[in-house]
There are 2 protein chains.
Amino acid sequence: MEKLGLRERKKQRTRQALIEAAVRLFQDRGYDQVTVAEIADAAEVSPRTYFLHFQTKEDVLLADTDVRVDLALEAIAERDAGERLPDVLVRATDQMIVNAWDRDLSSGLAALRARLAASEPALQARLLQRYLTAQAELARALQRAYPDRLDAVLAAALVGAMVGAVSASALTSLQRGDGPDEVRNAMRQAMALVARSIA
Amino acid sequence: MEKLGLRERKKQRTRQALIEAAVRLFQDRGYDQVTVAEIADAAEVSPRTYFLHFQTKEDVLLADTDVRVDLALEAIAERDAGERLPDVLVRATDQMIVNAWDRDLSSGLAALRARLAASEPALQARLLQRYLTAQAELARALQRAYPDRLDAVLAAALVGAMVGAVSASALTSLQRGDGPDEVRNAMRQAMALVARSIA
DNA sequence: ATGAATCGCTACAGTGACTGCATCGAATGA
DNA sequence: TCATTCGATGCAGTCACTGTAGCGATTCAT
(Lines give C-alpha, C1' and ligand atoms only; values in the text may rest on other atoms or scores of the structure.)
Protein backbone atom coordinates (compact mmCIF):
# COMPACT_ATOMS: atom_id res chain seq x y z
CA MET A 1 0.00 0.00 0.00
CA GLU A 2 2.74 2.43 0.95
CA LYS A 3 4.53 2.65 -2.37
CA LEU A 4 6.60 5.70 -1.53
CA GLY A 5 9.71 6.37 -3.55
CA LEU A 6 13.04 7.16 -1.95
CA ARG A 7 12.63 10.84 -2.56
CA GLU A 8 9.26 10.96 -0.85
CA ARG A 9 10.53 8.91 2.08
CA LYS A 10 13.38 11.32 2.60
CA LYS A 11 10.94 14.20 2.53
CA GLN A 12 8.77 12.61 5.17
CA ARG A 13 11.82 11.96 7.31
CA THR A 14 12.76 15.62 7.12
CA ARG A 15 9.22 16.60 8.02
CA GLN A 16 9.16 14.23 10.96
CA ALA A 17 12.54 15.48 12.17
CA LEU A 18 11.22 19.03 12.12
CA ILE A 19 8.11 18.09 14.08
CA GLU A 20 10.05 16.19 16.70
CA ALA A 21 12.66 18.89 17.06
CA ALA A 22 9.97 21.52 17.43
CA VAL A 23 7.98 19.59 20.03
CA ARG A 24 11.09 18.91 22.06
CA LEU A 25 12.29 22.50 21.96
CA PHE A 26 8.84 23.89 22.73
CA GLN A 27 8.48 21.56 25.70
CA ASP A 28 11.85 22.58 27.06
CA ARG A 29 11.81 26.29 26.55
CA GLY A 30 8.30 27.44 25.63
CA TYR A 31 6.95 28.63 22.33
CA ASP A 32 8.33 32.09 21.85
CA GLN A 33 11.72 31.24 23.31
CA VAL A 34 12.34 29.05 20.28
CA THR A 35 13.04 30.43 16.80
CA VAL A 36 12.32 28.67 13.55
CA ALA A 37 16.03 28.84 12.83
CA GLU A 38 16.68 26.81 15.97
CA ILE A 39 14.08 24.22 15.04
CA ALA A 40 15.69 23.85 11.63
CA ASP A 41 19.09 23.61 13.26
CA ALA A 42 17.96 20.88 15.62
CA ALA A 43 16.47 18.96 12.70
CA GLU A 44 19.68 19.51 10.75
CA VAL A 45 18.12 21.30 7.82
CA SER A 46 18.28 24.88 6.64
CA PRO A 47 15.76 27.42 7.93
CA ARG A 48 14.48 27.81 4.39
CA THR A 49 13.57 24.13 4.34
CA TYR A 50 11.34 24.55 7.36
CA PHE A 51 9.05 26.76 5.31
CA LEU A 52 8.88 24.24 2.50
CA HIS A 53 7.16 21.91 4.95
CA PHE A 54 5.11 24.27 7.12
CA GLN A 55 3.50 27.54 6.24
CA THR A 56 4.02 29.15 9.64
CA LYS A 57 5.85 28.64 12.89
CA GLU A 58 2.60 27.49 14.47
CA ASP A 59 1.77 24.91 11.85
CA VAL A 60 4.41 22.46 12.97
CA LEU A 61 2.29 21.85 16.08
CA LEU A 62 -0.85 21.28 14.05
CA ALA A 63 0.54 18.80 11.59
CA ASP A 64 -1.82 16.10 10.43
CA THR A 65 -4.93 17.51 12.05
CA ASP A 66 -6.56 17.77 8.63
CA VAL A 67 -6.94 14.02 8.71
CA ARG A 68 -9.59 14.40 11.38
CA VAL A 69 -11.74 16.58 9.23
CA ASP A 70 -11.49 14.13 6.38
CA LEU A 71 -12.72 11.39 8.68
CA ALA A 72 -15.75 13.43 9.61
CA LEU A 73 -16.45 14.27 5.98
CA GLU A 74 -16.30 10.57 5.15
CA ALA A 75 -18.69 9.83 7.98
CA ILE A 76 -21.17 12.24 6.46
CA ALA A 77 -20.69 10.92 2.97
CA GLU A 78 -21.18 7.31 4.04
CA ARG A 79 -24.45 7.82 5.81
CA ASP A 80 -27.24 5.28 5.45
CA ALA A 81 -30.20 6.18 3.31
CA GLY A 82 -32.65 6.90 6.09
CA GLU A 83 -30.20 8.03 8.74
CA ARG A 84 -31.32 10.98 10.80
CA LEU A 85 -29.47 14.25 10.79
CA PRO A 86 -28.55 14.21 14.49
CA ASP A 87 -27.18 10.70 14.17
CA VAL A 88 -24.99 11.62 11.24
CA LEU A 89 -23.64 14.68 13.02
CA VAL A 90 -22.91 12.64 16.12
CA ARG A 91 -21.19 9.94 14.12
CA ALA A 92 -19.02 12.48 12.31
CA THR A 93 -18.15 14.25 15.55
CA ASP A 94 -17.32 11.02 17.29
CA GLN A 95 -14.92 10.10 14.50
CA MET A 96 -13.02 13.27 15.24
CA ILE A 97 -13.05 12.66 18.96
CA VAL A 98 -11.73 9.13 18.58
CA ASN A 99 -8.99 10.27 16.23
CA ALA A 100 -8.08 13.12 18.56
CA TRP A 101 -7.74 10.63 21.40
CA ASP A 102 -5.62 8.28 19.32
CA ARG A 103 -3.25 10.82 17.90
CA ASP A 104 -3.04 13.76 20.22
CA LEU A 105 -4.60 13.11 23.60
CA SER A 106 -2.91 9.85 24.50
CA SER A 107 0.52 11.12 23.50
CA GLY A 108 0.18 14.31 25.48
CA LEU A 109 0.50 16.41 22.34
CA ALA A 110 -2.92 17.95 22.90
CA ALA A 111 -1.93 18.90 26.42
CA LEU A 112 1.26 20.50 25.16
CA ARG A 113 -0.69 22.44 22.59
CA ALA A 114 -3.17 23.64 25.18
CA ARG A 115 -0.39 24.69 27.49
CA LEU A 116 1.53 26.57 24.83
CA ALA A 117 -1.60 28.11 23.33
CA ALA A 118 -2.62 29.46 26.71
CA SER A 119 0.46 31.65 26.81
CA GLU A 120 0.86 32.29 23.12
CA PRO A 121 -1.89 34.24 21.36
CA ALA A 122 -0.50 33.59 17.90
CA LEU A 123 -0.63 29.85 18.40
CA GLN A 124 -4.07 29.96 19.93
CA ALA A 125 -5.27 32.02 17.01
CA ARG A 126 -3.88 29.67 14.41
CA LEU A 127 -5.41 26.70 16.17
CA LEU A 128 -8.82 28.29 16.16
CA GLN A 129 -8.49 29.19 12.54
CA ARG A 130 -8.09 25.51 11.74
CA TYR A 131 -11.31 24.86 13.58
CA LEU A 132 -13.15 27.44 11.54
CA THR A 133 -11.91 26.08 8.24
CA ALA A 134 -12.94 22.62 9.34
CA GLN A 135 -16.32 23.92 10.44
CA ALA A 136 -16.96 25.50 7.06
CA GLU A 137 -16.16 22.25 5.27
CA LEU A 138 -18.33 20.21 7.59
CA ALA A 139 -21.21 22.63 7.29
CA ARG A 140 -21.08 22.48 3.51
CA ALA A 141 -21.00 18.69 3.54
CA LEU A 142 -23.88 18.52 5.98
CA GLN A 143 -25.97 20.86 3.94
CA ARG A 144 -25.36 18.81 0.83
CA ALA A 145 -26.40 15.71 2.73
CA TYR A 146 -29.71 17.27 3.82
CA PRO A 147 -30.42 19.92 1.21
CA ASP A 148 -34.15 19.97 1.92
CA ARG A 149 -33.82 20.37 5.68
CA LEU A 150 -30.87 22.74 5.94
CA ASP A 151 -29.83 25.99 4.34
CA ALA A 152 -26.24 27.21 4.54
CA VAL A 153 -26.77 29.35 7.61
CA LEU A 154 -28.56 26.70 9.62
CA ALA A 155 -25.97 24.11 8.73
CA ALA A 156 -23.25 26.51 9.88
CA ALA A 157 -25.11 27.10 13.13
CA LEU A 158 -25.42 23.38 13.83
CA VAL A 159 -21.81 22.61 13.08
CA GLY A 160 -20.71 25.76 14.89
CA ALA A 161 -22.60 24.71 17.98
CA MET A 162 -21.16 21.22 17.85
CA VAL A 163 -17.55 22.16 17.23
CA GLY A 164 -17.78 25.10 19.60
CA ALA A 165 -19.17 23.03 22.44
CA VAL A 166 -16.80 20.10 21.96
CA SER A 167 -13.65 22.16 21.58
CA ALA A 168 -14.47 24.54 24.43
CA SER A 169 -15.13 21.68 26.81
CA ALA A 170 -11.99 19.88 25.68
CA LEU A 171 -9.91 22.97 26.22
CA THR A 172 -11.37 23.60 29.66
CA SER A 173 -10.87 20.00 30.63
CA LEU A 174 -7.26 20.09 29.46
CA GLN A 175 -6.64 23.33 31.28
CA ARG A 176 -7.73 21.94 34.60
CA GLY A 177 -5.28 19.10 34.14
CA ASP A 178 -7.58 16.23 33.22
CA GLY A 179 -6.13 13.07 31.73
CA PRO A 180 -6.85 11.85 28.19
CA ASP A 181 -9.88 9.78 29.14
CA GLU A 182 -11.50 12.54 31.13
CA VAL A 183 -11.00 14.95 28.27
CA ARG A 184 -12.61 12.52 25.90
CA ASN A 185 -15.56 12.08 28.18
CA ALA A 186 -15.97 15.83 28.42
CA MET A 187 -16.02 16.05 24.65
CA ARG A 188 -18.61 13.31 24.38
CA GLN A 189 -20.86 14.94 26.93
CA ALA A 190 -20.72 18.21 25.05
CA MET A 191 -21.51 16.37 21.85
CA ALA A 192 -24.54 14.73 23.40
CA LEU A 193 -25.73 18.06 24.74
CA VAL A 194 -25.73 19.65 21.32
CA ALA A 195 -27.16 16.57 19.65
CA ARG A 196 -30.26 16.91 21.81
CA SER A 197 -30.96 20.37 20.47
CA ILE A 198 -31.29 19.16 16.93
CA ALA A 199 -33.94 16.55 17.46
CA MET B 1 -19.78 62.85 32.12
CA GLU B 2 -16.94 62.96 29.62
CA LYS B 3 -14.33 64.76 31.70
CA LEU B 4 -11.44 64.03 29.42
CA GLY B 5 -8.37 66.21 29.62
CA LEU B 6 -6.72 67.71 26.58
CA ARG B 7 -4.05 65.06 26.52
CA GLU B 8 -6.57 62.24 26.58
CA ARG B 9 -8.65 63.86 23.86
CA LYS B 10 -5.63 64.14 21.61
CA LYS B 11 -4.86 60.50 22.24
CA GLN B 12 -8.36 59.44 21.24
CA ARG B 13 -8.12 61.58 18.13
CA THR B 14 -4.92 59.81 17.15
CA ARG B 15 -6.53 56.45 17.78
CA GLN B 16 -9.57 57.35 15.73
CA ALA B 17 -7.40 58.66 12.90
CA LEU B 18 -5.53 55.36 12.84
CA ILE B 19 -8.75 53.36 12.73
CA GLU B 20 -10.23 55.44 9.95
CA ALA B 21 -7.05 55.42 7.92
CA ALA B 22 -6.79 51.67 8.29
CA VAL B 23 -10.40 50.98 7.31
CA ARG B 24 -10.11 53.21 4.28
CA LEU B 25 -6.86 51.69 3.11
CA PHE B 26 -8.06 48.15 3.70
CA GLN B 27 -11.25 48.83 1.77
CA ASP B 28 -9.33 50.26 -1.14
CA ARG B 29 -6.46 47.84 -1.43
CA GLY B 30 -7.11 44.78 0.70
CA TYR B 31 -5.50 43.73 3.95
CA ASP B 32 -2.07 42.49 3.03
CA GLN B 33 -1.51 45.17 0.42
CA VAL B 34 -1.38 47.72 3.23
CA THR B 35 1.52 48.01 5.65
CA VAL B 36 1.35 49.35 9.15
CA ALA B 37 3.77 52.06 8.08
CA GLU B 38 1.27 53.23 5.47
CA ILE B 39 -1.56 53.30 7.97
CA ALA B 40 0.56 55.41 10.28
CA ASP B 41 1.52 57.65 7.39
CA ALA B 42 -2.11 58.18 6.39
CA ALA B 43 -2.97 59.01 9.98
CA GLU B 44 0.02 61.32 10.12
CA VAL B 45 1.75 59.63 13.02
CA SER B 46 4.92 57.59 13.28
CA PRO B 47 4.79 53.83 12.77
CA ARG B 48 5.90 53.38 16.35
CA THR B 49 2.83 55.25 17.53
CA TYR B 50 0.59 52.73 15.81
CA PHE B 51 1.85 50.07 18.16
CA LEU B 52 1.23 52.24 21.18
CA HIS B 53 -2.46 52.07 20.32
CA PHE B 54 -2.84 48.57 18.89
CA GLN B 55 -0.98 45.42 19.72
CA THR B 56 -1.06 43.99 16.20
CA LYS B 57 -1.89 44.94 12.65
CA GLU B 58 -5.17 43.05 12.96
CA ASP B 59 -6.29 44.74 16.14
CA VAL B 60 -7.14 48.02 14.49
CA LEU B 61 -10.08 46.25 12.85
CA LEU B 62 -11.25 44.80 16.15
CA ALA B 63 -11.20 47.98 18.17
CA ASP B 64 -13.88 48.30 20.82
CA THR B 65 -15.25 44.78 20.50
CA ASP B 66 -14.45 44.12 24.14
CA VAL B 67 -17.39 46.29 25.03
CA ARG B 68 -19.69 43.58 23.77
CA VAL B 69 -18.33 41.02 26.16
CA ASP B 70 -18.71 43.42 29.05
CA LEU B 71 -22.37 43.86 28.15
CA ALA B 72 -22.92 40.14 28.24
CA LEU B 73 -21.11 39.84 31.55
CA GLU B 74 -23.33 42.56 32.98
CA ALA B 75 -26.39 40.75 31.70
CA ILE B 76 -25.32 37.67 33.61
CA ALA B 77 -24.50 39.62 36.75
CA GLU B 78 -27.82 41.46 36.77
CA ARG B 79 -29.99 38.39 36.54
CA ASP B 80 -33.17 38.13 38.59
CA ALA B 81 -33.20 35.85 41.59
CA GLY B 82 -35.19 33.02 40.07
CA GLU B 83 -34.22 33.51 36.44
CA ARG B 84 -33.62 30.32 34.52
CA LEU B 85 -30.23 29.49 33.05
CA PRO B 86 -31.41 29.41 29.42
CA ASP B 87 -33.06 32.80 29.83
CA VAL B 88 -29.93 34.36 31.25
CA LEU B 89 -27.79 32.94 28.48
CA VAL B 90 -30.23 34.16 25.86
CA ARG B 91 -30.36 37.61 27.39
CA ALA B 92 -26.58 37.86 27.52
CA THR B 93 -26.25 36.65 23.95
CA ASP B 94 -28.90 39.03 22.73
CA GLN B 95 -27.03 41.94 24.29
CA MET B 96 -24.06 41.06 22.16
CA ILE B 97 -26.16 40.67 19.03
CA VAL B 98 -27.82 44.04 19.52
CA ASN B 99 -24.49 45.74 20.14
CA ALA B 100 -22.99 44.04 17.12
CA TRP B 101 -25.83 45.33 15.00
CA ASP B 102 -25.49 48.85 16.36
CA ARG B 103 -21.77 49.17 16.05
CA ASP B 104 -20.56 46.89 13.31
CA LEU B 105 -23.36 45.50 11.19
CA SER B 106 -25.20 48.69 10.32
CA SER B 107 -21.99 50.51 9.40
CA GLY B 108 -20.76 47.74 7.17
CA LEU B 109 -17.70 47.22 9.34
CA ALA B 110 -18.67 43.64 10.06
CA ALA B 111 -19.01 42.97 6.34
CA LEU B 112 -15.59 44.47 5.70
CA ARG B 113 -14.11 42.31 8.42
CA ALA B 114 -15.73 39.20 7.01
CA ARG B 115 -14.51 39.99 3.53
CA LEU B 116 -10.96 40.69 4.61
CA ALA B 117 -10.86 37.75 6.99
CA ALA B 118 -11.92 35.40 4.22
CA SER B 119 -8.73 36.12 2.33
CA GLU B 120 -6.43 36.78 5.25
CA PRO B 121 -5.72 33.88 7.61
CA ALA B 122 -3.94 36.05 10.15
CA LEU B 123 -6.92 38.33 10.52
CA GLN B 124 -9.35 35.46 10.68
CA ALA B 125 -7.21 33.86 13.34
CA ARG B 126 -7.01 36.94 15.50
CA LEU B 127 -10.74 37.45 15.25
CA LEU B 128 -11.40 33.93 16.43
CA GLN B 129 -8.98 34.35 19.26
CA ARG B 130 -11.06 37.22 20.53
CA TYR B 131 -14.07 34.95 20.50
CA LEU B 132 -12.29 32.34 22.55
CA THR B 133 -11.16 34.82 25.17
CA ALA B 134 -14.68 36.12 25.36
CA GLN B 135 -16.05 32.59 25.63
CA ALA B 136 -13.77 31.80 28.52
CA GLU B 137 -14.90 34.89 30.42
CA LEU B 138 -18.54 34.21 29.77
CA ALA B 139 -18.22 30.59 30.79
CA ARG B 140 -16.62 31.57 34.06
CA ALA B 141 -19.31 34.13 34.79
CA LEU B 142 -22.05 31.66 33.95
CA GLN B 143 -20.60 29.03 36.16
CA ARG B 144 -20.38 31.46 39.04
CA ALA B 145 -24.01 32.38 38.46
CA TYR B 146 -25.14 28.75 38.63
CA PRO B 147 -22.48 27.00 40.69
CA ASP B 148 -24.76 24.15 41.68
CA ARG B 149 -25.93 23.32 38.18
CA LEU B 150 -22.75 23.84 36.18
CA ASP B 151 -19.16 22.76 36.45
CA ALA B 152 -16.43 24.49 34.47
CA VAL B 153 -16.50 22.07 31.57
CA LEU B 154 -20.27 22.10 31.15
CA ALA B 155 -20.36 25.88 31.31
CA ALA B 156 -17.67 26.00 28.63
CA ALA B 157 -19.67 23.61 26.48
CA LEU B 158 -22.82 25.70 26.76
CA VAL B 159 -21.11 28.96 25.99
CA GLY B 160 -19.04 27.31 23.29
CA ALA B 161 -22.16 26.00 21.62
CA MET B 162 -23.85 29.38 21.83
CA VAL B 163 -20.96 31.47 20.59
CA GLY B 164 -20.01 28.87 18.01
CA ALA B 165 -23.50 28.67 16.56
CA VAL B 166 -24.13 32.40 16.56
CA SER B 167 -20.79 33.38 15.07
CA ALA B 168 -20.77 30.64 12.45
CA SER B 169 -24.25 31.57 11.25
CA ALA B 170 -23.36 35.26 11.23
CA LEU B 171 -20.26 34.59 9.20
CA THR B 172 -22.09 32.41 6.72
CA SER B 173 -24.84 34.94 6.40
CA LEU B 174 -22.34 37.72 5.81
CA GLN B 175 -20.46 35.66 3.29
CA ARG B 176 -23.51 35.13 1.13
CA GLY B 177 -24.05 38.86 1.04
CA ASP B 178 -26.94 39.28 3.45
CA GLY B 179 -27.77 42.73 4.76
CA PRO B 180 -27.48 43.77 8.42
CA ASP B 181 -31.01 42.77 9.35
CA GLU B 182 -30.77 39.36 7.77
CA VAL B 183 -27.51 38.71 9.55
CA ARG B 184 -29.06 39.66 12.85
CA ASN B 185 -31.98 37.34 12.22
CA ALA B 186 -29.60 34.52 11.41
CA MET B 187 -27.80 35.11 14.68
CA ARG B 188 -31.06 35.11 16.63
CA GLN B 189 -32.21 31.89 15.05
CA ALA B 190 -28.95 30.21 15.94
CA MET B 191 -29.29 31.52 19.47
CA ALA B 192 -32.78 30.11 19.78
CA LEU B 193 -31.62 26.79 18.43
CA VAL B 194 -28.97 26.42 21.10
CA ALA B 195 -31.24 27.78 23.82
CA ARG B 196 -33.62 24.88 23.22
CA SER B 197 -30.93 22.34 23.96
CA ILE B 198 -30.41 23.63 27.48
CA ALA B 199 -33.96 23.41 28.69
C1' DA C 1 2.77 81.27 38.12
C1' DT C 2 6.58 78.24 38.08
C1' DG C 3 9.08 74.09 38.52
C1' DA C 4 8.45 69.13 38.47
C1' DA C 5 6.38 65.05 36.98
C1' DT C 6 3.67 62.74 33.58
C1' DC C 7 2.85 60.89 29.21
C1' DG C 8 1.95 60.66 24.21
C1' DC C 9 4.85 60.67 20.50
C1' DT C 10 9.13 60.06 17.83
C1' DA C 11 13.62 58.31 15.91
C1' DC C 12 16.66 54.54 15.72
C1' DA C 13 18.35 50.12 15.89
C1' DG C 14 17.32 45.45 16.23
C1' DT C 15 14.94 40.64 16.09
C1' DG C 16 12.59 37.19 13.81
C1' DA C 17 8.90 35.31 10.73
C1' DC C 18 8.34 34.65 6.12
C1' DT C 19 9.19 35.07 0.73
C1' DG C 20 11.35 35.09 -4.07
C1' DC C 21 14.93 33.52 -6.67
C1' DA C 22 18.74 31.18 -8.51
C1' DT C 23 21.16 26.96 -7.95
C1' DC C 24 22.79 22.34 -6.71
C1' DG C 25 22.51 17.63 -6.57
C1' DA C 26 20.10 13.42 -5.82
C1' DA C 27 16.23 10.62 -7.41
C1' DT C 28 13.36 9.35 -11.32
C1' DG C 29 11.91 8.05 -15.83
C1' DA C 30 12.80 7.39 -20.83
C1' DT D 1 22.82 7.32 -20.26
C1' DC D 2 20.65 11.53 -20.65
C1' DA D 3 17.00 14.69 -19.43
C1' DT D 4 13.68 15.92 -16.09
C1' DT D 5 11.92 16.48 -11.68
C1' DC D 6 12.10 18.10 -7.15
C1' DG D 7 13.68 18.56 -2.29
C1' DA D 8 17.07 21.27 -0.14
C1' DT D 9 20.09 25.37 0.22
C1' DG D 10 21.96 30.28 0.44
C1' DC D 11 21.05 34.92 0.00
C1' DA D 12 18.86 39.09 -0.12
C1' DG D 13 14.84 41.40 1.07
C1' DT D 14 10.17 42.83 3.30
C1' DC D 15 7.53 43.67 7.15
C1' DA D 16 5.44 43.04 11.80
C1' DC D 17 6.75 44.11 16.15
C1' DT D 18 9.97 45.60 20.36
C1' DG D 19 13.35 48.14 23.54
C1' DT D 20 15.33 52.33 24.51
C1' DA D 21 16.36 56.96 24.93
C1' DG D 22 14.80 61.52 24.37
C1' DC D 23 11.54 65.61 23.15
C1' DG D 24 7.87 68.49 24.07
C1' DA D 25 3.28 69.40 25.41
C1' DT D 26 -0.08 68.81 29.23
C1' DT D 27 -0.93 68.35 34.10
C1' DC D 28 -0.08 68.94 38.86
C1' DA D 29 1.91 70.67 43.27
C1' DT D 30 3.41 74.39 45.53
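In what follows, chains carry the letters A, B, and so on, assigned in the order in which the sequence lines appear, proteins first and then strands, with residues in each chain numbered from 1. Just the heavy atoms: all of them, side chains too, but no hydrogens, waters or symmetry mates, feed the values below.
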> In whole angstrom, give the distance that lies between atom CZ of B:F51 and atom P of C:dT10.
14 Å
> Rounding to an integer number of Å, can you tell me how far A:H53 NE2 sits from C:dC18 C1'?
16 Å
> Kindly say whether B:W101 contributes a backbone atom to a donor-acceptor pair with the side chain of B:S106 at under 3.5 angstrom?
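The answer is yes, because a donor-acceptor pair under 3.5 Å joins these two groups.
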> Just to confirm, is there a sub-4.0 Å distance from OP1 or OP2 of C:dC9 to any side-chain nitrogen or oxygen of B:T49?
no
> Would A:R84 count as a cation-pi partner of A:Y146, with NZ or CZ less than 6.0 Å from the six-membered ring centre and within 45° of the ring normal?
no
> Suppose clustering is done on Ile, Leu, Val, Met, Phe, Trp and Tyr with side-chain heavy atoms closer than 4.5 Å. Which residues sit in the same group as A:I19?
A:L18, A:V23, A:L25, A:F26, A:Y31, A:V34, A:V36, A:I39, A:V45, A:Y50, A:F51, A:F54, A:V60, A:L61, A:L109, A:L112, A:L116, A:L123
> When the distance from CG of A:L52 to P of D:dT5 is rounded to whole Å, what number comes out?
18 Å
> Carefully, step by step, assess A:V194 and A:V166 under the rule side-chain contact (heavy atoms from CB on, under 4.5 Å).
CA-CA 9 Å; A:V194 174; A:V166 170; over 6 Å; no
> Would you say CD of A:E8 has more than 12 non-hydrogen atoms from neighbouring residues, nucleotides or ligands within 6.0 angstrom?
yes
> Kindly check if the number of other-residue, nucleotide or ligand heavy atoms within 6.0 Å of CZ (B:R79) is above 12?
yes
> Within the structure, does a side-chain N or O atom of A:T14 lie under 4.0 Å from either OP1 or OP2 of D:dA8?
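Checking D:dA8 against A:T14, a side-chain N or O does come within under 4.0 Å of OP1 or OP2.
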> Taking for each residue the nucleotide of DNA chain D with the nearest heavy atom, is it A:R15 or B:F54 whose nucleotide lies nearer the 5' end?
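It is A:R15 whose nearest nucleotide is closer to the 5' end.
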> One character per nucleotide, please: for nucleotides 23-30 of chain D, 5' to 3', B when the base has a protein heavy atom closer than 4.0 Å, S when only the sugar-phosphate does, - otherwise.
--BBS---
> Using whole Å, what does the distance between atom C1' of nucleotide D:dA16 and atom OH of B:Y50 come to?
10 Å
> Whole angstroms only, please: what is the CG-C1' distance between B:D59 and D:dC17?
12 Å
> With distance as the sole criterion, do the side chain of B:R48 and the base of D:dG19 form a donor-acceptor contact below 3.5 Å?
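By the distance-only test, yes, there is a pair.
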> Grab the CG-C1' distance between A:D41 and D:dG10 for me, whole Å please.
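After rounding, the reported distance stands at 14 Å.
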> With a 4.5 Å heavy-atom cut-off, do B:R126 and A:P121 have their side chains touching?
yes
> Can you check the B:L18 CG to D:dA16 P distance for me, whole Å?
14 Å
> Rounding to an integer number of Å, can you tell me how far A:E44 CD sits from D:dT9 C1'?
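To the nearest whole Å, that distance equals 15 Å.
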